[in-house]
Protein chains: 2
Amino acid sequence: MKVPKISEAVVKRLPVYLRYLNNLKAMNVRTVSSQQLGEALDLNPAQIRKDLACFGEFGRKGIGYEVNYLVEKIKSILKLDQQINVLLVGAGNLGHAISNYNAYLKDNMKIIAVFDADPNKIGKKIANLTIQPLSELKETVKEKSIRIGIIAVPAEAAQSVADCLVDAGITGILNFAPTNLRMPEDVRVHDADVTMELHSLAYYL
Amino acid sequence: MKVPKISEAVVKRLPVYLRYLNNLKAMNVRTVSSQQLGEALDLNPAQIRKDLACFGEFGRKGIGYEVNYLVEKIKSILKLDQQINVLLVGAGNLGHAISNYNAYLKDNMKIIAVFDADPNKIGKKIANLTIQPLSELKETVKEKSIRIGIIAVPAEAAQSVADCLVDAGITGILNFAPTNLRMPEDVRVHDADVTMELHSLAYYL
DNA sequence: TAGATTGTTAATCGATTAACAATC
DNA sequence: TAGATTGTTAATCGATTAACAATC
């Protein structure tokens with residue numbers, strides 16, 4: 001099997017395509033060309049075709065891409081055709097907000113467990129999930145086949161929480177804490193620090 | 001004046017440097033080399049030197065960079081030496097969490113106004129800011145010299161909110177809504193859709 | 001002075017865009 | 001058939017990394 005190296009940039013764009021294609025699907029649009037996608041998403045049509053061609057031949061010359069078919073294909077590339085269970089660590093303001101994201105994640109991705117270090121929060125509920133102590137993390141990950149962890153704790157606690165996640169077998173982390181996590185090579189970390197986004201935005205003012 | 005074109009990648013890394021340098025500063029570290037920074041942040045030392053060299057000669061050969069000095073320089077590059085006022089639209093779960101970020105933004109960046117479309121929320125308080133109606137947005141932006149807007153509303157409302165922001169003179173937007181905003185060229189949009197981050201993370205599992 | 005480390009040039013690497021034959 | 005649009009190759013562009021003279 002041919003396994004061409006897929007760049008990070010390509011992978012970041014796939015969910016963008018998926019999101020827009022889902023809109024088209026909801027509007028019962030049958031087919032779409034790379035030209036139309038490019039206009040809607042502010043991307044070069046050649047780039048879109050090349051991105052998709054990394055994974056197969058999904059379009060038809062002279063016609064374009066069938067929306068429903070492409071949605072399924074991208075979902076499968078992103079593994080969203082499988083059940084992907086997610087856990088959240090941190091039941092503060094941000095954690096509370098994130099726990100409500102299940103509606104957006106849709107389909108097969110779901111936040112199914114929440115943890116916090118604060119004894120006073122254990123047992124309480126957010127978004128109908130019961131807050132568990134960190135001591136139960138490893139076991140829950142195994143039992144419920146959790147594959148992604150979201151870190152929404154203060155910076156000071158983030159590294160040790162991340163270490164716990166890795167120890168439990170998690171290999172994908174979305175980190176909201178304002179700190180650089182040191183992780184083994186096989187663990188993928190996506191940073192989502194609001195402060196950093198605002199700071200880089202300021203440059204362009 | 002020499003104005004070399006600064007790439008987006010460089011600008012995204014500046015806040016990363018700043019965050020770590022602030023840690024060093026808090027630990028009373030005097031100087032740091034690109035080598036040390038690179039190890040801590042998982043970046044190539046040459047890249048760090050090159051990034052910084054875009055803006056001036058901040059280091060000393062044989063010595064490295066003076067931490068306090070570099071902090072000030074990067075702050076000034078990012079315009080964080082000026083007062084930067086930020087507004088937030090959307091007082092739902094996410095908006096509530098974001099309104100508590102002022103502690104992290106520090107210094108001169110501050111969320112100073114919150115808006116929502118829901119009449120029932122007008123007048124209520126989150127993080128000691130009173131929720132205002134969108135009708136007051138334009139005036140408030142002028143009065144309080146607000147320069148950045150954060151969008152934390154549902155996807156359906158995001159484009160029209162963004163249009164309001166642009167109409168009010170905002171040129172920097174941090175968009176949490178899961179939708180592609182169509183904006184004039186001079187408006188800078190940073191996307192922060194949690195769903196997309198999780199979806200792209202799934203690819204690597 | 002000797003060792004360390006910058007700023008910068010040159011080399012490499014990778015990503016984006018243009019162009020076009022294939023074909024629906 | 002004629003027009004449209006893909007998949008893909010080649011050309012371009014830009015970003016990262018290596019290497020080193022300058023110098024603290």
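So that the names make sense, note that chain A is the first sequence line, chain B the second, and so on, each numbered from 1.
- The phosphate of C:dG7 has OP1 or OP2 within less than 4.0 Å of a side-chain N or O from B:Y65.
- Tested against A:S34, the residues A:E39, A:R49, A:Q47 include a single side-chain hydrogen bond (donor to acceptor under 3.5 Å, both in side chains) partner, A:R49.
- For B:K61, whose side chain is taken as the heavy atoms from C-beta onward, the closest listed nucleotide among D:dA22, D:dT8, D:dT16 is D:dA22.
- Using a 4.0 Å cut-off between a side-chain N of Lys or Arg and a carboxylate O of Asp or Glu, B:E143 and B:K138 do not qualify as a salt bridge.
- Judged by distance alone, the side chains of B:Q159 and B:D163 do bring a donor and an acceptor atom under 3.5 Å apart.
- When heavy atoms are screened at a 4.0 angstrom cut-off, B:Q47 is found touching base atoms of the nucleic acid.
- Of the candidates C:dT17, D:dG7, D:dA18, the closest approach to any side-chain atom of B:A46 belongs to D:dA18.
- Of the two residues near DNA chain C, A:G62 and A:L43, the one whose nearest nucleotide lies more 5' is A:L43.
- Nucleotide D:dA4 holds its P atom 11 Å from the CD atom of A:Q35, rounded to whole Å.
- Across the protein-nucleic acid pair, A:I48 atom CD1 and D:dT8 atom C1' stand 16 Å apart, rounded to whole Å.
- Taking atom CG on B:L37 and atom P on C:dT5, their separation rounds to 12 Å, with Å as the unit.
- Checking D:dT8, C:dT23, D:dC24 against every side-chain atom of B:R60, the shortest atom distance belongs to D:dC24.
- Phosphate contact (OP1/OP2 of C:dT5, side-chain N/O of B:S34, threshold under 4.0 Å): absent.
- A donor atom on one side chain and an acceptor atom on the other are found under 3.5 Å apart for A:Y17 and A:D51.
- Whole-Å rounding puts the B:F58 CZ to C:dT6 P distance at 14 Å.
- Listed pair B:R49 / C:dA4 fails the phosphate criterion, with no side-chain N or O lying under 4.0 Å from OP1 or OP2.
- Of all nucleotides listed (D:dT16, D:dT5, D:dG7), D:dT5 comes nearest to the side chain of A:S33.
- When the C1' atom of D:dA19 is taken as reference, atom CG of B:N44 falls 12 Å away, rounded to whole Å.
- Across all strands shown, C:dT12 forms a Watson-Crick or G-U wobble pair, both distances under 3.5 Å, with D:dA15.
- Residue A:K50 contributes atom NZ, which lies 16 Å from atom P of C:dA19 at whole-angstrom precision.
- Between B:R13 and D:dT16 there is a side-chain polar atom (N or O) within less than 4.0 angstrom of OP1 or OP2.
- With a cut-off of 3.5 Å on both pairing distances, the Watson-Crick or G-U wobble partner of C:dG7 is D:dC20.
- The neighbour count for A:K121 NZ, taken as heavy atoms of other residues, nucleotides or ligands under 6.0 Å away, is above 12.
- The side chain of B:E57 approaches C:dG7 more closely than any other nucleotide in the set C:dG7, D:dG7, D:dT5.
- Look at CG on B:D51: it is 17 Å from P on D:dG14, rounded to the nearest Å.
- Counted by atom type alone, B:Q83 and B:N85 present one or more donor-acceptor pairs between their side chains at under 3.5 Å.
- Atom pair B:D42:CG and D:dT16:P shows a separation of 15 Å (rounding to whole Å applied).
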